[in-house]
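Accompanying notes for the structure given below.
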Amino acid sequence: MAIVKCKVCGKDVDEDAMKCPGCDSLGPNRGKRIRRNMFIALGAIVVLFGYGWYYKSQEVVKQSRLANPKSMKITRALSNEDGTNLCFEFTETDASGKKKASRGVVYDGGEPSTNPSDWKLFCEHKSMRPIKLVIRTDDD
């Protein structure tokens with residue numbers, strides 16, 4: 001352990017002392033420790049932000065959940081009075097080849113959702129009117 005001079009009173013103080021015995025000022029290396037700890041904390045924050053940015057940039061865009069999108073057939077479509085919500089029922093063939101019925105919602109011009117809670121919120125017990133859909137394919 002080295003002996004250093006106190007920056008306030010000039011007395012000899014042990015380098016690891018928390019306070020000067022002569023004037024009760026903070027120890028001689030106290031400022032260095034605080035700067036070191038702040039530098040380590042800042043480095044940790046930068047690393048965490050970097051990791052978050054990298055993780056976000058590696059997200060994969062979800063693919064269609066339908067195994068065979070061309071097998072989808074809309075059986076019924078409904079719309080509210082102002083046309084902002086579109087509710088539809090459809091059949092699809094899953095990966096195992098089984099045909100199943102599902103429901104979907106497009107609300108406020110957003111992305112389609114097959115979440116049952118969205119169907120209950122936007123379609124069930126609402127004033128809806130049937131609409132006729134004209135589906136065009138690339139073959140037309």
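None of these values were measured; they are calculated from a predicted model.
Two residues are said to be in side-chain contact when any heavy atoms from C-beta on lie closer than 4.5 Å; V105 and C123 meet this criterion. Side chains of V47 and I45 form no contact here, defined as non-hydrogen atoms less than 4.5 Å apart. No side-chain heavy atom of R103 sits under 4.5 Å from any side-chain heavy atom of R76.
For S127, there are no side chain to side chain donor-acceptor pair (under 3.5 Å) partners two or more places apart in sequence or in a different chain. Here N37 pairs with nothing under the side-chain contact (heavy atoms from CB on, under 4.5 Å) rule; sequence neighbours left out.
The heavy-atom pair separating D12 from K5 by the smallest distance is OD1-NZ, 3.3 Å. Among all heavy-atom pairs drawn from V13 and C20, the shortest one is CG2-SG, 3.8 Å. Nearest heavy atom pair, residue C87 against residue W119, reads CB-CZ3, 3.6 Å. Across S79 and G83, no two heavy atoms sit closer than the pair OG-CA, 3.4 Å.
Considering CD of E92 and OG of S71, their distance stands at 6.5 Å, rounded to 0.5 Å. Rounding to the nearest 0.5 Å gives a distance of 13.5 Å between NZ of K70 and OG1 of T93. Rounded to the nearest 0.5 angstrom, K126 NZ and E81 CD are separated by 13.5 Å. For the atom pair CG (D118) and CG (N85), the distance works out to 10.0 Å, reported to the nearest 0.5 Å. Distance check: F90 CZ to T114 OG1 gives 6.0 Å after rounding to the nearest 0.5 Å. Taking OH of Y107 as the start and CG of L86 as the end, the distance is 13.0 Å to the nearest 0.5 Å.
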*asked:* Please determine whether side-chain contact (heavy atoms from CB on, under 4.5 Å) holds for the pair F88 and V106, giving the CA-CA distance in whole Å, both sets of side-chain angles, and the decisive distance to 0.1 Å.
replied: CA-CA 9 Å; F88 55 96; V106 178; 4.0 Å; yes

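A donor-acceptor pair shorter than 3.5 Å cannot be found between the side chains of S113 and N115. Judged by distance alone, the side chains of E89 and S102 never bring a donor and an acceptor atom under 3.5 Å apart.
Put simply, I74 and I131 are part of the same group of oily side chains (I, L, V, M, F, W, Y) that touch within less than 4.5 Å, one to the next.
Below 30°, between 30° and 60°, or above 60°: for Y55 and Y51 the angle between ring planes is below 30°, a parallel geometry.
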